[in-house]
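Taking it in order: structure first as structure tokens, then the write-up.
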Amino acid sequence: MTQNPETIIIEDIQGGLAKVFKELNLTGKPIIQETAKKSTFGDYCTPIFQIAGANKRNPQELAKIITENFPKLNCVEEVSAEGGFVNYKLNRAYCSRLILSKILANEKFYQSDLYKGKRIIVEHTSANPNGPIHIGNFRGSIIGDTYARILKAAGADVLTNFYVDDLGHQIPVLVIGYELLKKFDTVPTDIKIDHLLGRIYAITHTMYDIQKIKKELKEKYDLILGKDINWITKEEVKQMEASLKKKNVSIEEQKTQIKQSEFIINIQTDIYKRFKKFYKILKNCLEKESIDLTIAVPDLNRRYMSNEKDAVKKVRATCEDALRGQREELAILGIEHDNYDWEADLQWSGQVDATLTSLNKNGFLIEDGKARLFDANKAADLEGARKYLKMKPSYEIPKPILVTSTGDTLYLLRDIAYSLKKVDHYSADKVFNVIGKGQELSQRQLNLAVRAVCREDAANKMWHLNYEFMELQGALTSMSARRLQYITPLELYEKTHEAVMENFLQKRDYPQKEKDDIARIVTVGAIKYSIIAIGLMRKLLFNPQEVVSLSNNTSPFIQYAFARSQNILAKTDFSWSKKKENTLESLFEDEEWQIVLSLAKLPSIVLNAAEQIKPELICNYLFELANLFNKFYDAHRVLDAETEELTIARLALTYATGKQLTEGLNLLGIESPSRM
RNA sequence: GGAUGUGUAGCGCAGCCUGGAUAGCGCGCCUGGUUCCGGACCAGGAGGUUCGGGAGUUCAAAUCUCCUCACAUCCGCCA
């Protein structure tokens, strides 16, 4: 039994149509859709053209005949024919009562059979634990979090997962730098831990690169540059250039060496300029122990990979610190994850090796020198693979490297194991990987690899939730962890918060505590909404001024409409009871009716958003509803309406509108303040 | 060269999956109302050589198919 009033109305009309079709002996499935111009044609309509064609009739005439024979329905007041369309004008009194009474009685009717009882995993953010989250991942965080909420509303059992990439040589670099700082100096506390670790990582990595270059020069060409192994200068590069020339090194090799050195000088200069004091501190720490990073880094990496106790202790401690900082930052935006899956755990459990063995056994590995590639094309020929991944038969998919010539496994291999874990360990029916554009190729390769280990079932549950990049208006466009060039969510928050205060909140004379609360809620809302409101595949330019604007399609605009509605309700002691349902039949004005119709749409909007992966549909809906409410507010009085009955009905309408606005904002993880 | 995405008014976008009536919305611009249950509002108007361009399918195309142009991103030893 359906409870959704919109569905009840449409099914009622469908029943009427079925009856007419039977009487007139017509074939075909008529559709019911909203009319283009509501005021002139009615609320819903059915185009008759196809039906007419199938039954060899003239559309205009047939529409007229259907209209004449249409049975009397509770929902429908008038049926009319116009240019091949059958138009239905709904009975406002009856439908208003039907729709509003259900909303006022607190009934929710989102549940979809498609998702009921289904376990769905949404993996998002998954930032490296070597620094803060930046707005590259952050758009994914908002999309993932919001989509998870929408899926939950649609009846799914949703888990959000964060994949912690604690393998790969970027981690030991960070760990060593961090450990040395703790040993020889004090850890600064005036900066968030993840931001601090980001700096340690970038600086240590720079010195690691310098050591590597200098060591190679010494071993290969017996060339010693300067006395500081952790610092490189332009003069040294010139000296190197001259020496290499003298030693008859090939021009090509000269070029690579020089290019590498110049690249790293660039980074060194850049970071040093911006973080002089801290750079010096960290460099000092490194010199106190005179560690050879070119040995220490791979060594720690190897020991961590093989699960050696002291290595695990150190690495985990650092990663946990970074993760804690990232979580704090997400928490500001009201985002948290259900599960954290560590990459190393997969390695240690043997699942990664098992995957490699299985790929090998099934004949999907290709050897290229000492490296091993995945034969993605062979996997693409497996039953159903090309169709699922929308790959043309002619498309030759590049073969990714799984194991390097030095024997190191690469992330794609571990990702295969992780994909299986998501399906098996978490018993997922569907897995969404929220990962930015630029990962399309590897996500396809991953899906094919899962098929190659005979897990077509798992591959058919995986879905890459793709999204475009995001930039901050007026800021640099390319993000680089190595150069410490990134915009963090915190920065976004602060800029937006500032705009909120400037734009309107400063002028308010609310108590400070309430002011702070409102500012926080509005800021968070503005950020989330602006990211969700635009289609996933569109480039996003974040502008703090625009996202808090009160006349755009923004969260503050909708929150303001909500505050207005609550303001009216606060002036009375409105409470709803079933006894008052009769009054709902007194809403006849266009402005009222448009709201009622819109209120009924939320459930189908939620389902569409879930099924089509379009969270932006919620935003469009809220914007429409807020606009309709503003029109109503301007055109009609609520508290002193013509009759007492009408006041009650309009209060109910106002209350129900506020309810749907809150409901919709909630789906986006946005709160609604009752005044702003 | 290949893959994917985007192209709709001066600007920012919705509609495309599932083809339907005069292509919507916001900003900006012009005109007017409203000092109210919070003007952070509302009404009207100008603005698209008709949806990057071309062909096709259809009674009907912004929407489906094919071709083409522009821009963005990705394409073996980082993750």
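So that the names make sense, note that chain A is the first sequence line, chain B the second, and so on, each numbered from 1. Because the structure is a prediction, the values reported are computed rather than measured.
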Select from A/R637 and A/D634 the residue whose nearest nucleotide in RNA chain B is closer to the 5' end of that strand.
->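 First, find each residue's nearest nucleotide; the 5'-ward one identifies A/R637.
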More 5' along RNA chain B: A/N627 or A/K571, using each one's nearest nucleotide?
->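 The residue closer to the strand's 5' end, by nearest nucleotide, is A/K571.
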No-H, no-angle donor-acceptor pair, A/N130 side chain to B/A79 base, under 3.5 Å =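 No pair found.
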Is a donor-acceptor pair below 3.5 Å formed from side chain A/S551 to base B/C27, judging by atom type as modelled?
->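 No such pair is found, so the answer is no.
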Pairing partner (Watson-Crick or G-U wobble, both distances under 3.5 angstrom) of [N]:
| N | value |
| --- | --- |
| B/U4 | B/A72 |
| B/C51 | none |
| B/C29 | B/G45 |
| B/G19 | none |
| B/U57 | none |
| B/A14 | none |
| B/C78 | none |

Do [X] and [Y] have their ring centres less than 6.0 Å from each other?
| X | Y | value |
| --- | --- | --- |
| A/F162 | A/Y340 | yes |
| A/F574 | A/Y655 | yes |
| A/H464 | A/F432 | no |

Under 4.0 Å between any heavy atoms, over every strand shown, what does A/H464 touch: base, sugar-phosphate, or nothing? Just pick one.
->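 Contact class for A/H464: none.
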Indicate, with a heavy-atom threshold strictly under 4.0 Å, whether A/G438 touches base, sugar-phosphate, or nothing.
->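 Contact class for A/G438: sugar-phosphate only.
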Of all the heavy-atom pairs spanning A/P398 and A/A376, show the shortest one and how long it is.
->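 Shortest heavy-atom separation between A/P398 and A/A376 comes out as O-CB, 3.8 Å.
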What heavy-atom pair brings A/K437 and A/F469 nearest, and what distance separates the two atoms?
->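 For A/K437 and A/F469, the tightest heavy-atom pair comes out as O-CZ, 3.4 Å.
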Residue A/K631, side-chain atoms from C-beta onward, closest of B/A79, B/A21, B/A43 =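 My answer, after comparing the listed nucleotides, is B/A43.
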Go through B/A21, B/A79, B/C37 for me and flag the one nearest to the A/I568 side chain.
->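 Nearest to the side-chain atoms of A/I568, counting from C-beta on, is B/C37.
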Is [X] salt-bridged to [Y], cutoff N-O under 4.0 Å?
| X | Y | result |
| --- | --- | --- |
| A/K601 | A/E6 | no |
| A/D341 | A/K421 | yes |
| A/R482 | A/D209 | yes |

Could you give the distance separating B/C27 and B/C66 at their P atoms, to the nearest angstrom?
->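 Looking at atom P only, B/C66 and B/C27 are 39 Å apart.
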Using the C1' atom as the reference point in each nucleotide, state the distance between B/C41 and B/G5 in Å, no decimals.
->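 It comes out at 39 Å once rounded to the nearest Å.
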Would A/L167 and A/W342 count as a side chain to side chain contact (heavy atoms under 4.5 Å, CB included) if you check the C-alpha gap in whole Å, the side-chain angles of each, and the deciding distance to 0.1 Å?
-> CA-CA 9 Å; A/L167 293 181; A/W342 293 72; over 6 Å; no
For each nucleotide in nucleotides 3-18 of chain B, reading 5' to 3', give B when a protein heavy atom comes within less than 4.0 Å of its base, S when such contact involves only the sugar-phosphate, and - otherwise.
-> SBSSSB----SS-SBB
Excluding sequence neighbours, so at least two apart, what forms side chain to side chain donor-acceptor pair (under 3.5 Å) with A/E514?
->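 A/E514 satisfies side chain to side chain donor-acceptor pair (under 3.5 Å) with A/R675 only.
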A/N630 vs B/C42: side-chain N/O to OP1/OP2 distance below 4.0 Å =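 Yes.
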Kindly confirm whether the side-chain ring of A/F85 is stacked on the base of B/A21, judged by centres under 5.5 Å and planes under 30°.
->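 Stacked: centres under 5.5 Å apart, planes under 30°.
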A/Y633 OH to B/G33 C1', straight-line distance once rounded to whole Å |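 Rounded to whole Å, this separation is 16 Å.
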Where along residues 49-60 of chain A does a heavy atom come under 4.0 Å from RNA chain B, residue by residue in number order?
->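 Of all residues in residues 49-60 of chain A, the ones placing a heavy atom under 4.0 Å from RNA chain B are A/F49, A/Q50.
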